[in-house]
Amino acid sequence: MLRTHTCGELNIDHVGQTATLCGWVDTVRDFGGVNFIDLRDRYGLTQVVFNPDAGDEIVSLAGKLRNEFVIKVVGTIRARPEGQANPDLATGEIEFVASELEILNESLTPPFTPGQRVLPGEDLRLKHRYLDLRREKMMSTLVLRSRIIKAMRDYCADNDFIDVETPILGRSTPEGARDYLVPSRVFNGKFYALPQSPQIYKQIMMIAGYDRYVQVARCFRDEDLRADRQPEFTQLDIEMSFVDSEDVIGMIDGMMQKLAKDILDIDIQLPLERLTYDEAMTRFGHDAPDLRFGMEIVDIGEIAAECEFGVFKGTIDAGNFVRGVNGKGAAATYSRKRIDELTESVKDDFGAKGLAWFRCEEDGSLFSPIAKFFTEDQLNAIKTKLGAEPGDLLMFIADTFEVSCKSLYSIRKKFGAEFELYDPKQMHFSWVVEFPMFEKDEDNDRWAAMHHPFTAPLDECLSELDDAPEKSRAKAYDLVINGYEAGGGTIRIHDSQIQQKVFGLLGMNEQECEERFGFLLDALRYGAPPHGGLALGIDRIVMLFAGLDNIRDCIAFPKTQRANDMMTEAPNVVEEKQLRELGIEITKKVEPLV
RNA sequence: GGCGCAGUAGCUCAAUUGGUUAGAGUCCCGGACUGUCGAUCCGGAGGUUGCGGGUUCGAGUCCCGUCUGCGUCGCCA
């Protein structure tokens, strides 16, 4: 090692000792005579002092130091003069008096420095990621990530899980998300697909008798990005044999308890809170509700059916819903203009036809442009149902169940953040269970698997597969943390006949089944144990544990919204020769990324 | 694919309703300074206002298109 100590470890106990430090120049304070450098490495900052009595040569060399130069300094540790300790610095009681200085490498003037207070634009940070990653916050987040993954792996190892790597080059399965494709050189015209998840491989591992499988698995989905979604992301992928939902949930309960304790030093009570999918949608309008606060959705269908307001009445007559939420104390901040903006957003985003609102006045009466269509009794009933008090703003959506869910969920989410209805430091873990097996695929007018096509129905729903597939519920469970889907899993179908029936419902005929999943159906016929598992979104869990609102800050080298890597400029054009070998002809010429 | 926000000096931002030579801080360069820790002080350099059109006597500002980044809807088994 070029160094004897790190920049974070020297303290008053080292006074008088000689040491060698290496690191980056974080800041320079040049007084002409005496010269201070804050030297930085992964472990911290140490103030290095260059005194004239160290000699002209070293003083002159120290004068050349600039931000982000990499240096090696030999010197002695000295207590700082009386009254000059820096309490903000772990090493603030001492300083490092340099006797030798070597510039290991210079740096160009950086476009931004890791220590600067104002964060530069994210595009610049991504372009110069090597500088951005030097920032303390990025370092602490990646260290946190490393600790979380270690805790997960330790927990799995303690519970007899076997870590198995599965292929990155796989086969395209057109179900689900768009695949990233890799052309084959040997078989021109054929393609591998990068895995959306190791789903099938881990099921095969169960059939092969490995009993408990785990993998920190990179997954790829070629869909549009969000603040919490990247095209490649990391899952803790788990599968277990001879289990039912309770066993998998119980295993993950224990893991979350350990994570919360080890990482955040908080104690969480087990079992974790549990909601059914139907309950979550009814009460919160979403399958991953933030349970750190209330503001639950209230159905006023009974009142709406009786009132004179045509929109409400008509909605109920058509078999749809009138539901609303109470924005506690929001009347003061929500002017007519802001309510209009809210209305526009639910119209634009979710196709709601409008947003009805009532303001609870000082005297307890309800003010609203539509109040005249309601009797006094009806207004009072609304007040009671939503628990309205003076200053509250009641908002209602009259629409299909789905539109009311999406609209009210978005309002609830917005208000939760805006009115600080929860402690941002609080962590809330819960499960949402019993998802529907299928949802309507409007584009193709057929059923689509809500989770994936290998999901087992609840035992009591087996018979419904034939006559009422929309009613059948799955042995599916999602882990929800603070309103984010942090993971999800299912018990799988281990019976090839049921599997084939589900494939059939999804619109695959026998031939298609054999072509796409013949190997799985075969495997199921060779002694498949009951099995199930789940996958945890590691990037999201890191984001939540770090208190961040953006998944890119939890990934060392993330991609932009258009899936570019701004540093390497991937994706990019390739040489003509490479294309020829792959038998690929580009019909639309593109310029390299700039 | 839709909607929205942003793009001005290396960086972070400002620039009145469309009006003089586009400013400030920081960074950079030079100088001064022996106890700072966002060092300070003096001087200097630094601009195709993302790009392309248009309107106008005049455009950073208004209009159209386009590129890039971010948020969001669709999408994400």
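Quick note on labels: first sequence line is chain A, next is B, and so on, each numbered from 1.
Comparing the P positions of B:A9 and B:A14 gives an interatomic distance of 12 Å, to the nearest angstrom. Going from the P atom of B:G58 to that of B:U21 covers 15 Å, rounded to whole Å. Rounded to whole Å, the separation between the P atoms of B:C11 and B:C67 comes to 23 Å. One C1' atom belongs to B:A22, the other to B:U49, and the distance between them is 8 Å to the nearest Å. A distance of about 13 Å separates the C1' atoms of B:U20 and B:A15, rounded to the whole Å. Taking the C1' atoms as reference points, B:U48 lies 24 Å from B:G44, given to the whole Å. Here the separation of B:A59 from B:C76, taken at their P atoms, is 48 Å to the nearest Å. The separation of B:C29 from B:G35, taken at their P atoms, amounts to 23 Å, rounded to a whole angstrom.
The base of B:C76 lies close enough to the side chain of A:R229 for a donor and an acceptor atom to sit less than 3.5 Å apart. If you check distances only, the side chain of A:R117 never reaches the base of B:C11 with a donor-acceptor pair under 3.5 Å. For a distance-only test at 3.5 Å, the side chain of A:Q116 fails to qualify as a donor-acceptor partner of the base of B:U12. Judged by distance alone, with hydrogens and angles left aside, A:R226 brings a side-chain donor or acceptor within reach of the base of B:G74, the pair sitting under 3.5 Å. For B:G74, the base has a donor-acceptor partner in the side chain of A:D224 [N/O atoms by modelled type, under 3.5 angstrom]. A donor-acceptor contact under 3.5 Å is formed by the side chain of A:N86 with the base of B:C37. Looking at A:R78, its side chain comes within 3.5 Å of the base of B:G35 through a donor and an acceptor atom.
For the residue pair A:H128/A:R134, the side-chain donor-acceptor check at 3.5 Å is not satisfied. Between the side chains of A:D41 and A:T6, not a single donor N or O lies within less than 3.5 Å of an accepting N or O. Residues A:Q235 and A:S197 have side chains that never bring a donor and an acceptor to within less than 3.5 angstrom of each other.
Across all strands shown, A:G121 has heavy atoms under 4.0 Å from sugar-phosphate atoms exclusively, and none from any base. Residue A:P52 is classed as a base contact, given a heavy-atom separation below 4.0 Å to a base. Base contact: A:Q561 has a heavy atom under 4.0 Å from a base atom. No engagement by A:R125 is indicated, since no non-hydrogen atom pair under 4.0 Å with the nucleic acid exists. Nucleic acid contact class of A:F36 (heavy atoms, under 4.0 Å, all strands): base. Backbone-only engagement by A:L124 is indicated by non-hydrogen atom pairs under 4.0 Å involving sugar-phosphate atoms exclusively. Counting non-hydrogen atoms under 4.0 angstrom, A:T173 reaches nothing in the nucleic acid. Among the atoms of the strands shown, none is found under 4.0 Å from any heavy atom of A:A448. Looking at heavy-atom distances under 4.0 Å, A:D30 makes contact with a base.
Salt-bridge check for A:R229 with A:E223: failed, with every basic side-chain N at 4.0 Å or more from each acidic carboxylate O. Looking at A:K406 and A:D399, no side-chain N of the basic residue comes within less than 4.0 Å of a carboxylate O on the acidic one, giving no salt bridge.
Between A:F69 atom CZ and B:C28 atom C1' the separation is 12 Å, expressed in whole Å. The interatomic distance linking A:I551 (CD1) with B:C76 (C1') rounds to 12 Å, in whole Å. Regarding A:D38, its CG atom lies at a distance of 11 Å from the C1' atom of B:G38, rounded to whole Å. Residue A:R29 contributes atom CZ, which lies 19 Å from atom C1' of B:A32 at whole-angstrom precision. In this structure, A:M566 places its CE atom 7 Å from C1' of B:U68, rounding to the nearest Å. Spacing between atom CG of A:D132 and atom C1' of B:U12 amounts to 15 Å, rounded to whole angstrom units. In this structure, A:R562 atom CZ and B:C70 atom C1' are separated by 13 Å, rounded to whole Å. The separation between A:R40 atom CZ and B:C37 atom C1' is 15 Å, rounded to whole Å.
Out of B:U72, B:C70, B:U36, the shortest distance to the side chain of A:D349 is found at B:U72. Looking at the side chain of A:T27, the nearest of the listed nucleotides B:A39, B:C76, B:U36 is B:A39. Nearest to the side chain of A:R66, among B:G38, B:C29, B:C33, sits B:C29. Nearest to the side-chain atoms of A:F350 among the listed nucleotides B:C73, B:U12, B:C28 stands B:C73. When each of B:C28, B:C37, B:G69 is scored by its nearest atom to the side-chain atoms of A:N67, the top-ranked nucleotide is B:C28. In the set B:C76, B:U12, B:A39, B:A39 carries the atom at the smallest distance from any side-chain atom of A:F31. Side chain of A:P120, nearest nucleotide from B:C11, B:U68, B:U36: B:C11. You'll find that the side chain of A:T560 is closest to B:C70, out of B:C27, B:C70, B:C75.
In this structure, B:G7 forms a base pair with B:C67, meeting either the Watson-Crick or the G-U wobble geometry with both donor-acceptor distances under 3.5 Å. Figure legend. B:G44 is base-paired to B:C28; pairs are counted as Watson-Crick or G-U wobble with both atom distances under 3.5 Å.
Closest non-hydrogen pair, A:F112 versus A:D132, comes out as CZ-N, 3.7 Å. Of all heavy-atom pairs between A:S245 and A:K475, the closest is OG-CB, 3.7 Å.
A cation-pi arrangement, defined by a distance under 6.0 Å to the six-membered ring centre and an angle within 45 degrees of its axis, is present between A:R338 and A:Y334.
No more than 12 heavy-atom neighbours from other residues, nucleotides or ligands sit within 6.0 angstrom of NZ on A:K414.
Two residues, A:H452 and A:G32, neighbour RNA chain B, and the one matched to the more 5' nucleotide by heavy-atom proximity is A:G32. Map A:T109 and A:L225 each onto its nearest nucleotide of RNA chain B; the residue landing nearer the 5' end is A:T109.
Contacts between residues 474-485 of chain A and RNA chain B, counted as heavy-atom distances below 4.0 Å, involve no residue at all.
The side chain to side chain donor-acceptor pair (under 3.5 Å) test with A:D237 singles out one residue from A:R218, A:K202, A:Q215, A:Q199, and that residue is A:K202.
The aromatic ring centroids of A:H286 and A:F284 lie 6.0 Å or more from each other.
Between A:K406 and B:G74, a side-chain N or O to OP1/OP2 separation shorter than 4.0 Å is present.
Taking the six-membered ring where tryptophan is involved, the planes of A:Y277 and A:F435 are tilted, since the angle between them lies from 30° to 60°.
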